[in-house]
Amino acid sequence: MGIPFSPLILKQYSLFSQHLKSNYVEYNFREVEAKWRAHWASNKTFKTEIDSAKPKSYVLDMFPYPSGAGLHVGHPLGYIASDIFARYKRLKGFNVLHPMGYDSFGLPAEQYAIQTGQHPAITTKDNINRYREQMDKIGFSFDWDREVRTSDPSYYKWTQWIFIQLFNSWYNPATNKAEKIETLIAQIEIEGKYQWENLSEKEKSDLLLEHRLAFLSETMVNWCPTLGTVLANDEVKDGVSERGGHPVERKKMLQWSLRITAYAERLLNDLNGIDWTESIKEAQRNWIGKSTGSSLKFKVQGSNLDLEVFTTRPDTIFGVSFLVIAPEHEHIAALTSAHQKSAVDAYVEKAKNRSERERMADVKSVTGVFTGSYVVHPFTGKDIPVWIGDYVLAGYGTGAVMAVAGHDSRDYAFAKTFQLPIMPVVEGGNIEEEAYEAKQGKMINSDFLNGLEVKDAMKKIIAVIEEKSLGKGKTNYRLRDAVFGRQRYWGEPIPVYYKDGIPMVVDASELPLILPEVDKYLPTLNGEPPLARAADWKYHGKYEYEYSTMPGWAGSSWYFLRYMDPHNDKELVSKEAVEYWKNIDLYIGGSEHATGHLLYVRFWTKFLYDRGYIPVNEPAQKLINQGMIQGRSNFVYRIKPLFSCGSDESVVLPLIFVSMPIHDRIQNRNIDDLEKRNLEKVSLDAFIRLNPTAENVNLMRLETTALHVDVNIVENDVLDIEKFKASREEYKNAEFIVEDEKYICGAEVEKMSKSKYNVVSPDSIVEKHGADCLRLYEMFLGPLELSKPWNTNSISGTSNFIRRLWRLYHDADGNFAVSDEAPNKEEFKALHKIIKKVQEDIEGFSFNTSVSSFMIAVNELTALKCNKSAILADLAVLISPYAPFVAEELWEKLGNTTSITFAKFPEFKAEYLVESAFSYPISFNGKTRFFHEFDLSLSKEDVEKEVMAMEQTQKYLEGKAPKKVIVVPGKIVNIVL
RNA sequence: GCCUUGGUGGUGGAAUGGUAGACACGCAGGACUUAAAAUCCUGUAGUAGCAAUACUGUGCGGGUUCAAGUCCCGCCCGAGGUACCA
């Protein structure tokens, strides 16, 4: 008596028996990965200590800000690359420092705190836990015992300590380095410019503040009223805050700043000694913006006032036809004539209220006003009118320019607008058309400079200017001092208090200055920063603290040092640790930090070097920028028919989706009548079904609209209809019109974001395909530095690869089976080819090509049916940086008892690749026609002789004698006809 | 505008001046299976041809070379960054 089968059960049964028939056990990545994840964690496999017997390598990722959204597949790209590099270096016998931490002070946690009242520390901790969980899944070889968090008091104690050192230092131009402030006092005393002893405390303080590297000064800042804080230039994009997009205005404020400008020249010069990408170096060079020229004084007509300008083109001095000063220029009042006063006042007022954004929006329009004053040309004695124009910036140079309309396009536009004279002084241009800006040609209309080349004229005029004390040769930098105070809560408190209005730093022994609790994370009613809310928060119970906190980049400007010695509470880093680890050998991160973080970290490193705390003056020898991973959105297309019907009552529209090709045809109007009528009928029927009471229903027009669909329910652009229906209540009864039984989605590359439903998390990939697969796939996508859209479509390629790799070590039944036999020549060749390739690729950061070569190697060894342990053990080691889990498992099965982390990278032996013969492409006029194998020991002449004797050659020669025959041994034969 | 990049099949991408399109995805066909999935095999730049083969092909136009995706000159287009910086 059997159990009666229903067809469905029968189907399931046969499936089951099928499975039993073949008892092959596939690679179980879930089990294996979980096993090694736990093993590495409990054995602290990646814990690193100083080991002077080994060479060191410091491999670092830019640490993340732990945001609430978690990691998406774009984030780990750089981490995977650096992890491969770190694991490779270990195999090569290096002692590798490969840590990770969190840049955990920042705006989003604070914004969230303002909205919800939850302390930013809690939000931050939750986010960090989530990040850690996600990173752990991917199998990074970080030494987590060295984790740092910038918001941790034991960390920011040292950020504050560095601030104190900056405060207590000045930049000595004579020694060209930062020194203790005491050496400045000594110098002041020697020079006797001031009677130091006789100065009041306030005077001393003010005097020193002009030299301290951390100083308080009145600066123009980017003030964001909505956020209640000051923003750095690089936090402002298009006149609005980078985070949140709130309007930003210019405002004068007493602020803490860091004197980064003192380091401008060194920051520029030392770029030559580091191996960073040209684009980052160039961005930093532009940001520092060095320009050489001359300052020059113009006497104001009828006054003792001098107007000083900075120009890079002193050679064009005889072409000056007017001067322009910034609307904020300090001498505007003195320069304005009574007659022009109302016009000037109106203009200055308007310019002041024009936000950065507006000024930027109309770069093309030229505005300005005449002051009514004139200056005297220092060489011709002619009167030169002084104008005000907002294209001149108060913050750069002297806030005044000498306008040479013939040779500067902005001056030219200004002159054209206000009908001011334009005089050419360098041959070569046509001033009727445009300004001639090239620094090339002979000087004309220039008195004693006439006939000189621009370059020579430049030298001569600077000499004359200096001789006559009209000014002097000068170098200007675009780089501004870095504003260091933020009116925010979630940051490091600046360790300063005020005694009788004099800023004093907290004693280093009293650090850390703990961030106090506040009732609200908002500014106070009278506009003071949130820290002013802290109850009884006073230095020694008496003196008011500074209420600003440090900017986001403070903690990240030195974290690479802390990883070397993260638990030291006596020093920021011990001498021993920093002498051993020195600086970063490989730094990987996004190029968006080109002029922010990467400039500040160089600045702090140089400062700490100057003051003798560390032995290196650059943070990173080698820098790689990983590309952005963009999102790839999928779309479904809903039919949106327009109906007309008799009844007025609200109608229910049907939910019908058409596959992408159908949508395309509707959009492009190349849909045939039959299909169109069918679609119309389906829509109409559905409508009537849903609205049975509607009368006189008519279809007006057939249209489709695209809707984003979650990429996680789409595979290879085919929609999982069941999941889609389940995803939202209103989709439950959706209908689909498909072709070939597949609903094809549209796709488009966009930024990866929640609102576009195109976020792919690494967790989902790890869950579905495994961490090894994710690692390989991210590398396989393309060159590390290139931006590319994330597309999960071809992930099956790497997934298959791992399974094929696994099968190499297993027999047909899935039992581990390797042999101790000696490998043959082909097997050695396949192995050594991959040893060479992987080594070259990792050292050249070409990770995508090494994944391909692994595939080739596994394909070759599979074809050779190679199961020799001598080959397979080395293969496991080679692959282990890329796919550590499966490599570790195979390594153990091969009988090893220690982690593959401690294995040795196989040594490449060229002799295995030596070939005795080569199949030459025989080409005619560069076109390959056929192949022929020749022994490589054959001489060029012999090869030529043999080729010429061949029947095929004669065919292509068509009876003609060749003009020339080129034989490149081991490469090609080319016959020129 | 300037700076930095990049432009190669249906797609992601390979190519020290020396066989363009490695590797992978997708697609097509086949094997196994009652069937499907998985797996394996074959083909896959375009045009013409049953085929051998021929021609055309690395954004465009020139050049250097026996030989150019690669080097040089001049353009076009995309991406990222940056800007009244005197």
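These values consider heavy atoms only, across backbone and side chains, with no hydrogens, waters or symmetry-generated copies. Protein chains get the first letters and strands the later ones, always in sequence-line order, with residue 1 at the start of each.
Regarding contacts with the backbone of B:A38, every side-chain N or O of A:Asn800 stays at 4.0 angstrom or more from both OP1 and OP2. OP1 or OP2 of B:U56 has at least one side-chain nitrogen or oxygen of A:Lys927 nearer than 4.0 Å. At the phosphate of B:C66, OP1 or OP2 sits under 4.0 Å from a side-chain N or O atom of A:Lys964. Proximity of A:Asn286 to the phosphate of B:A83: no side-chain N or O atom is located under 4.0 Å from OP1 or OP2. Regarding contacts with the backbone of B:C23, every side-chain N or O of A:Tyr777 stays at 4.0 angstrom or more from both OP1 and OP2. The phosphate of B:C40 (OP1 or OP2) has a side-chain N or O of A:Arg807 nearer than 4.0 angstrom. Considering only side-chain N and O atoms, A:Ser291 lies under 4.0 angstrom from the phosphate OP1 or OP2 of B:A86. Using a 4.0 Å cut-off, no side-chain N or O of A:Asn791 falls inside it from OP1 or OP2 of B:G26. A close approach under 4.0 Å does not occur between any side-chain nitrogen or oxygen of A:Arg929 and OP1 or OP2 of B:A52.
With both ends at atom P, the span from B:G1 to B:C55 equals 43 Å, rounded to whole Å. If you take atom C1' in B:A22 and the same atom in B:G13, they sit 10 Å apart, rounded to whole Å. Using C1' as the reference atom, B:G74 and B:U82 are 26 Å apart when rounded to the nearest Å. Annotation: B:G21 and B:A14 have their P atoms spaced 15 Å apart (nearest Å). Rounded to the nearest Å, the gap between the P atom of B:U70 and that of B:U64 is 15 Å. B:G26 and B:A45: their C1' atoms are spaced 15 Å apart (whole Å).
Base pairing of B:U39 is made with B:A31, judged by Watson-Crick or G-U wobble geometry with both donor-acceptor distances under 3.5 Å. Under the Watson-Crick or G-U wobble criterion, with both distances below 3.5 Å, B:U47 is paired with B:A54. Under the Watson-Crick and G-U wobble criteria, each requiring two contacts below 3.5 Å, nucleotide B:C2 is paired to B:G81.
Rounded to an integer number of Å, the gap from CG of A:Leu784 to P of B:G12 is 18 Å. Atom CG of A:Asp390 and atom P of B:A86 are 17 Å apart (whole Å). Nucleotide B:G18 holds its P atom 17 Å from the CD1 atom of A:Ile922, rounded to whole Å.
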Which is it for A:Ser794 and A:Tyr777 under the side-chain hydrogen bond (donor to acceptor under 3.5 Å, both in side chains) test, yes or no, and what are the steps along the way?
CA-CA 9 Å; A:Ser794 53; A:Tyr777 187 61; 3.1 Å; yes
Using side-chain contact (heavy atoms from CB on, under 4.5 Å), reason through A:Thr316 and A:Val320 one step at a time and then give a plain yes or no.
CA-CA 7 Å; A:Thr316 60; A:Val320 175; 5.8 Å; no
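The listed nucleotides are B:A38, B:U82, B:U19; the one nearest the side chain of A:Arg803 is B:A38.
Ring-plane geometry between A:His597 and A:His593 is classed as perpendicular, the angle between the planes exceeding 60 degrees on a 0 to 90 degree scale with a lower cut at 30. Using cut-offs of 30° and 60° on the angle between ring planes, the pair A:Phe298 and A:His377 is perpendicular. Using cut-offs of 30° and 60° on the angle between ring planes, the pair A:Trp806 and A:His810 is parallel.
Anti is the conformation of B:G7, whose glycosidic angle sits further than 90° from 0.
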